[in-house]
Amino acid sequence: VQLQASGGGLVQAGGSLRLSCAASGRTLRSTAVGWFRQAPGKEREFVAVISWSGRTTYYSGSVKGRFTISGDNAKNTVYLQMNSLKPEDTAVYYCAAKRYTGSITGPVRVDEMDYWGKGTLVTVSS
């Protein structure tokens, strides 16, 4: 499956952005799709994940309550709605997928993911 992330940009602190992760080549059915981010000089970190079959979700503590991950069957696309953005949210955001069925009960690791898209840059100014 090929993944294409988009929607990044420059926003002021407190603002919102919606990232999209469009999949092609195969359906996202029987996958889990996650968002990760990597700030300059830091390791790539988990942000959020959704199980396509169960539509269960899990968030990192730093974004829980501010970000929402969702999926659109018809468009084969996963979204990350980001509200109340903070300067520390500045990073390149990546979407990734892995073969998975069932409910999500915790975060997913970078090395678990089978497919990756190119990142989209989110910059939050103070």
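These values consider heavy atoms only, across backbone and side chains, with no hydrogens, waters or symmetry-generated copies. Keep in mind the model is a prediction, meaning the values are calculated, not measured.
- Every pair passing disulfide (SG to SG under 2.5 Å) that includes a residue from residues 58-126 is listed here, sequence neighbours excluded: Cys21-Cys95.
- With rounding to the nearest 0.5 Å, the separation of CH2 in Trp35 from CD in Glu45 is 14.5 Å.
- Taking CG of Asp111 as the reference point, atom CZ of Arg44 lies at 12.0 Å (rounded to 0.5 Å).
- Here the side chains of Asp89 and Arg66 are in contact, with some heavy-atom distance below 4.5 Å.
- Summarising the geometry of Thr77 relative to Trp52, their closest heavy-atom pair is O-CH2, 3.5 Å, with the distance given to 0.1 Å.
- Judged by distance alone, the side chain of Thr101 and the main-chain N or O of Ser30 form no donor-acceptor pair under 3.5 Å.
- Between Tyr93 and Met82, some side-chain heavy-atom pair lies under the 4.5 Å cut-off.
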Contacts table for residues 1-20: side-chain donor-acceptor under 3.5 angstrom, sequence neighbours left out:
| unit_1 | atom_1 | unit_2 | atom_2 | d |
| --- | --- | --- | --- | --- |
| Ser16 | OG | Asn83 | OD1 | 2.9 |

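- Side-chain contact between Val49 and Val33: absent, with no pair of heavy atoms (C-beta onward) separated by less than 4.5 Å.
- A 4.5 Å side-chain heavy-atom check between Thr57 and Ile104 finds every atom pair outside the cut-off.
- The closest side-chain heavy-atom distance from Tyr100 to Thr31 is not below 4.5 Å.
- Atom-to-atom distance recorded for Phe46:CZ and Ser62:OG is 9.5 Å, nearest 0.5 angstrom.
- If you take OG1 on Thr120 and NZ on Lys118, they are separated by 12.5 Å, rounding to the nearest 0.5 Å.
- Taking 4.5 Å as the limit, every side-chain heavy atom of Ser51 sits out of range of all side-chain heavy atoms of Ser103.
- Residue pairs satisfying the ring-ring contact (aromatic ring centres under 6.0 Å, His included) criterion with at least one member in residues 101-126, sequence neighbours excluded, are listed as follows: Phe36-Trp116.
- Lys98 and Asp114 make their closest contact through CA-OD2, 3.3 Å (heavy atoms, listed as atom of the first residue, atom of the second, distance).
- A cation-pi geometry, defined here as NZ or CZ lying under 6.0 Å from the six-membered ring centre and within 45° of its normal, does not hold between Arg37 and Tyr94.
- Closest of all the heavy-atom pairs between Arg109 and Met113 is O-CG, 3.6 Å.
- Put simply, CZ on Phe67 and CG on Leu80 are 6.0 Å apart, with the number rounded to the nearest 0.5 Å.
- Expressed to the nearest 0.5 Å, how far CG of Leu85 lies from OG1 of Thr123 amounts to 11.0 Å.
- With contacts defined as side-chain heavy-atom distances shorter than 4.5 Å, the pair Thr68/Tyr59 qualifies.
- Put simply, the side chain of Ile50 reaches to within 4.5 Å of the side chain of Val78, judged on heavy atoms.
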Go through the steps to decide whether Asp72 and Tyr79 satisfy the test side chain to side chain contact (heavy atoms under 4.5 Å, CB included), and finish with yes or no.
-> CA-CA 8 Å; Asp72 186 322; Tyr79 302 99; 3.8 Å; yes
